Q: 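Here it is: the structure, laid out below.
Here is how names work: the chains are called A, B, and so on, in the same order as the sequence lines, proteins then strands, and each is numbered from 1. Quick caveat: nothing in here was measured; it's all calculated off a predicted structure.
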4 protein chains.
Amino acid sequence: MELRNRLFVGVIGPSNPSKEIYELAYKVGREIGKRKWILVCGGLKGVMEAVAKGAKEEGSLTIGILPDEDKSLANPYIEIPIATGLKEARNLIIVLTSDVIVAIGKGYGTLSEISFALKYNKKVFGLKTWNKELPIIKVKSIKELIEKILHLAY
Amino acid sequence: MELRNRLFVGVIGPSNPSKEIYELAYKVGREIGKRKWILVCGGLKGVMEAVAKGAKEEGSLTIGILPDEDKSLANPYIEIPIATGLKEARNLIIVLTSDVIVAIGKGYGTLSEISFALKYNKKVFGLKTWNKELPIIKVKSIKELIEKILHLAY
Amino acid sequence: MELRNRLFVGVIGPSNPSKEIYELAYKVGREIGKRKWILVCGGLKGVMEAVAKGAKEEGSLTIGILPDEDKSLANPYIEIPIATGLKEARNLIIVLTSDVIVAIGKGYGTLSEISFALKYNKKVFGLKTWNKELPIIKVKSIKELIEKILHLAY
Amino acid sequence: MELRNRLFVGVIGPSNPSKEIYELAYKVGREIGKRKWILVCGGLKGVMEAVAKGAKEEGSLTIGILPDEDKSLANPYIEIPIATGLKEARNLIIVLTSDVIVAIGKGYGTLSEISFALKYNKKVFGLKTWNKELPIIKVKSIKELIEKILHLAY
């Protein structure tokens, strides 16, 4: 399938996660990679690094939308670094470029991305993330996450 | 006092609020105006319009940070329209330009602004807004809001 | 006249100008101030500082659209600092917020602003600035600048 | 070679070029494609479309940094559409994401991109584009363009 027609999965999460959340993000990345979905993330540390590592190991294309002016600041698992120079305003670009959003863990940047995704009517899947009061699709395992993406994103 | 040294109060809220929320925003605007604080908002309809109307009637300078390229789209109570052309990414500018944030009502754009404010360690005061899981300063009345701003923002 | 209905004059120029260009920008600022036009600029050093100093001394409202996240980085003559965090992308906001643009001196940032202004069909007046190949209105003196703004901007 | 270590070539030019400029951009795209460089462009019509068509036909990865919120607006030769919603402010992202810039033809958007590239000390190669007063590397043929990129960009 042409790259453009693949599912662009935006994965968002904090840059300083617990070890548990980091591992979870890594495993989500591997599942994304196995399906050759395109990974979109913020390109830096923490969840962004873990998910890109997993996805790249399995052969997915990994895109990092960086807050910085210098693309060399992307983590080593990003193949397509997009340097924006826009700081946190780049969070909107992550959302707009993705077909669906997966939130893993909690951070305020993560919450801004969930907000933008809901504003633009994009589906948000959540693993151990913000969810009170929010219409996100809560999942309890990676298996459930992938099943629900397959069911709802097409 | 020089304009620059006045308190810049960012007021955020939905563009299609209930009548109750619109009235509340209008009254908050008047209290901001009485203290000659500078009002920063998104410049469009709903809460943005109501708060600007109240603030302007009492003599405050009103700034509208617009998502549009055309500054004439600002509501009639905005004296300083800032045209950004950045769509929802302009929400970050509202937060960075404000010393404190007051959230009135609930919207996803509002939640993105609360998120940015917390990310940048700005105090967020909330009236009938998102608050579960969030370290915002909840207030139950306009009187309490103004007292807490006076107490905490200086 | 209401602030909003005044002419918003965007003045652009390098942050490290010659002494001659700095003086010129200061004098342009004074003329803007005498007419109570609203000054829009980039809020930092050099031409941005000189023109804001002149405009503020004569009583104009001065707006600085900053590339930074921190509004305290505005020069001391800015009364309304707008913190964007967008680096050079903020140049577009300066142009969109202004009714007309005055370019003084040469810089690559200045040239990007002239380009955006021409793209959006805004009139650009130029004093000792980029002009080869460009449809800007070249003026040779501050007197001529003000006359042409009065003639063409209304 | 890993995608990330390939040369990211930003090609900029007007959306409504002459037939001659369109053809030139197409041929430049093919040369980029033969070398498996990564193409970065604005993702829309005209020069952006022609260069992406050529590059894609030869097997290059093509990235389109769109001004729009909707990535489906990318031209059909873009494999990685990045939706920014930032209008002309997205021009900065094209420049920051590219290692070198090639300008083909003249437009004000193009000139803003040249300005940003020079501001960030990126090399700009020019074919029938803006050049008076500007330190861009003028080339007269596609052969000369490729030779100079090979000589100067590494």
Side-chain angles (χ1 to χ4, degrees), chain A residues 10 12-17 42 44-48 65-68 82-98 101 103-124 126-138, chain B residues 10 12-17 42 44-48 65-68 82-98 101 103-124 126-138:
Chain A
I12 58 178
S15 60
N16 54 352
L44 297 177
K45 306 287 181 199
V47 164
M48 302 172 262
I65 312 283
L66 298 160
D68 311 287
I82 305 289
T84 73
L86 301 174
K87 303 291 181 182
E88 293 297 311
R90 71 78 150 87
N91 294 359
L92 179 61
I93 304 178
I94 295 171
V95 168
L96 294 177
T97 297
S98 303
I101 293 290
I104 306 172
K106 286 177 164 192
Y108 295 129
T110 312
L111 185 58
S112 74
E113 291 158 329
I114 292 173
S115 309
F116 283 141
L118 295 172
K119 175 112 191 168
Y120 282 92
N121 289 311
K122 304 222 174 186
K123 287 195 177 69
V124 180
L127 261 167
K128 296 182 182 290
T129 189
W130 303 99
N131 64 59
K132 298 242 180 63
E133 306 177 276
L134 297 172
I136 73 174
I137 300 156
K138 300 173 206 176
Chain B
I12 59 178
S15 59
N16 54 351
L44 298 177
K45 305 286 179 199
V47 164
M48 301 171 263
I65 313 283
L66 297 160
D68 311 287
I82 305 290
T84 72
L86 302 173
K87 304 288 181 185
E88 293 297 311
R90 71 78 150 85
N91 294 0
L92 180 60
I93 304 178
I94 295 171
V95 168
L96 294 176
T97 298
S98 302
I101 293 290
I104 306 173
K106 285 178 162 193
Y108 295 129
T110 312
L111 185 59
S112 75
E113 290 158 329
I114 292 173
S115 308
F116 283 142
L118 295 172
K119 175 112 188 166
Y120 283 92
N121 291 310
K122 303 221 175 186
K123 286 194 179 70
V124 180
L127 260 167
K128 297 181 182 291
T129 189
W130 304 98
N131 64 59
K132 298 241 178 64
E133 306 176 278
L134 297 172
I136 72 173
I137 301 156
K138 299 172 210 176

Q: Out of curiosity, I94(A) CD1 to I101(A) CD1, how far, rounded to the nearest 0.5 Å?
A: 8.0 Å
Q: At a heavy-atom separation under 4.5 Å, does L96(B) approach chain A through its side chain, its backbone, both, or neither?
A: neither
Q: Above 12 or not: heavy atoms from other molecules or residues under 6.0 Å from NZ of K122(B)?
A: yes
Q: Could you tell me which of A117(A), P135(A), G107(A) has the largest number of non-hydrogen atom pairs under 4.5 Å with chain B?
A: P135(A)
Q: Heavy-atom pairs under 4.5 Å with chain A: which of E113(B), K106(B), E133(B), K87(B) has the most?
A: E133(B)
Q: Are the side chains of W130(A) and L134(B) in touch, meaning some heavy atoms are under 4.5 Å apart?
A: yes
Q: If I measure from the heavy atoms of chain B, does I93(A) come under 4.5 Å with its side chain, its backbone, both, or neither?
A: neither
Q: Please report the C-alpha distance between S112(A) and N91(A) in whole Å, then the side-chain angles of each, then the deciding distance to 0.1 Å, and finally whether the side-chain contact (heavy atoms from CB on, under 4.5 Å) criterion is met.
A: CA-CA 7 Å; S112(A) 74; N91(A) 294 359; 2.9 Å; yes
